[in-house]
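Notes for the one structure printed next.
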Amino acid sequence: MKTSFIILFTLLSSTLSAFELYCYTPRKSKCFKVSQDNFTVLEERGNQRSRGISSVEKLKTLYTGKSLTKYVKFEGDDYQIHVDNINSPSDMNDYLIVKNSEGHEMIFSLTCEQI
């Protein structure tokens, strides 16, 4: 019983760790790379992506089936990144919510691509 549980847990964790997404808002005002336990802010310059200098204070990830919701505190704002299906990202179902310190929320549609 223990062995089958360990094998099942290993298989599930290995499938979750296999993804890496490049996500951006319309007009690429916010770009970032998302993986199982990482969040990297990127700067777009022309057709090139480079890692931006960022200070991510908190990182929390919630998985529900094939969906992913990441909660990040970045530069004083709270970010909520939601990808409805990690294996098949969709512009219609994926979004970014940015909440500033005064409580104002901005919601962006999100385009994600598997890297």
**Message:** I'd like to check the side chain to side chain donor-acceptor pair (under 3.5 Å) partners of Glu105; sequence neighbours left out, ordered by chain and number.
**Reply:** none
**Message:** Quick check: do Leu42 and Tyr24 have side-chain heavy atoms less than 4.5 Å from each other?
**Reply:** no
**Exercise: identify the closest heavy-atom pair between Asn38 and Thr40** = OD1-OG1, 3.8 Å
**Message:** Can you confirm whether the side chains of Lys70 and Thr61 place a donor and an acceptor under 3.5 Å from each other?
**Reply:** yes
**Prompt:** Side-chain contact, heavy-atom cut-off 4.5 Å: Val98 with Asn100?
**Reply:** no
**Request:** Using side chain to side chain contact (heavy atoms under 4.5 Å, CB included) as the criterion, list what pairs up with Thr64, not counting sequence neighbours.
**Result:** Leu62, Ser67
**Leu110 side chain reached by Ile81 side chain, heavy atoms, under 4.5 Å** = yes
**Asked** How far apart are the closest heavy atoms of Gln36 and Phe19, and which atoms are they?
**Response** N-CZ, 3.5 Å
**Side chain proximity check, Leu59 to Tyr71, heavy atoms < 4.5 angstrom** = no
**Message:** Is there a path of hydrophobic side-chain contacts, each under 4.5 Å between heavy atoms, that joins Ile107 and Phe32?
**Reply:** no
**Message:** Test of understanding: with salt bridge (Lys or Arg N to Asp or Glu O under 4.0 Å), list the residues that count as partners of Lys33, not counting sequence neighbours.
**Reply:** Glu20
**Beyond-backbone contact of Gln114 with Tyr22, side-chain heavy atoms, under 4.5 angstrom** = no
**Asked** For residues 93-115, which residue pairs qualify under ring pair (Phe, Tyr, Trp, His ring centres under 6.0 Å), counting only residues two or more places apart or in two chains?
**Response** His82-Tyr95
**Request:** Assess the cysteine pair Cys23 / Cys31: is their SG-SG separation shorter than 2.5 Å?
**Result:** no
**Partner residues of Asp91 under the side chain to side chain contact (heavy atoms under 4.5 Å, CB included) criterion, sequence neighbours left out** = Thr111
**Test item: Pro89 and Leu21 side chains (from C-beta on) under 4.5 Å apart, heavy atoms** = yes
**Message:** Can you tell me how far apart SG (Cys112) and CG (Leu68) are? Round to the nearest 0.5 Å.
**Reply:** 8.5 Å
**Request:** Treating Ile, Leu, Val, Met, Phe, Trp and Tyr as nodes and any side-chain heavy-atom pair under 4.5 angstrom as an edge, say whether Val83 and Ile97 lie in one connected cluster.
**Result:** no
**Prompt:** Should Thr69 and Gln80 count as side-chain neighbours, where that means a heavy-atom distance under 4.5 Å?
**Reply:** yes
**Item:** Pair listing, salt bridge (charged side-chain N to carboxylate O under 4.0 Å, His left out) test, anchored in residues 77-89, at least two apart
**Value:** Lys73-Asp78
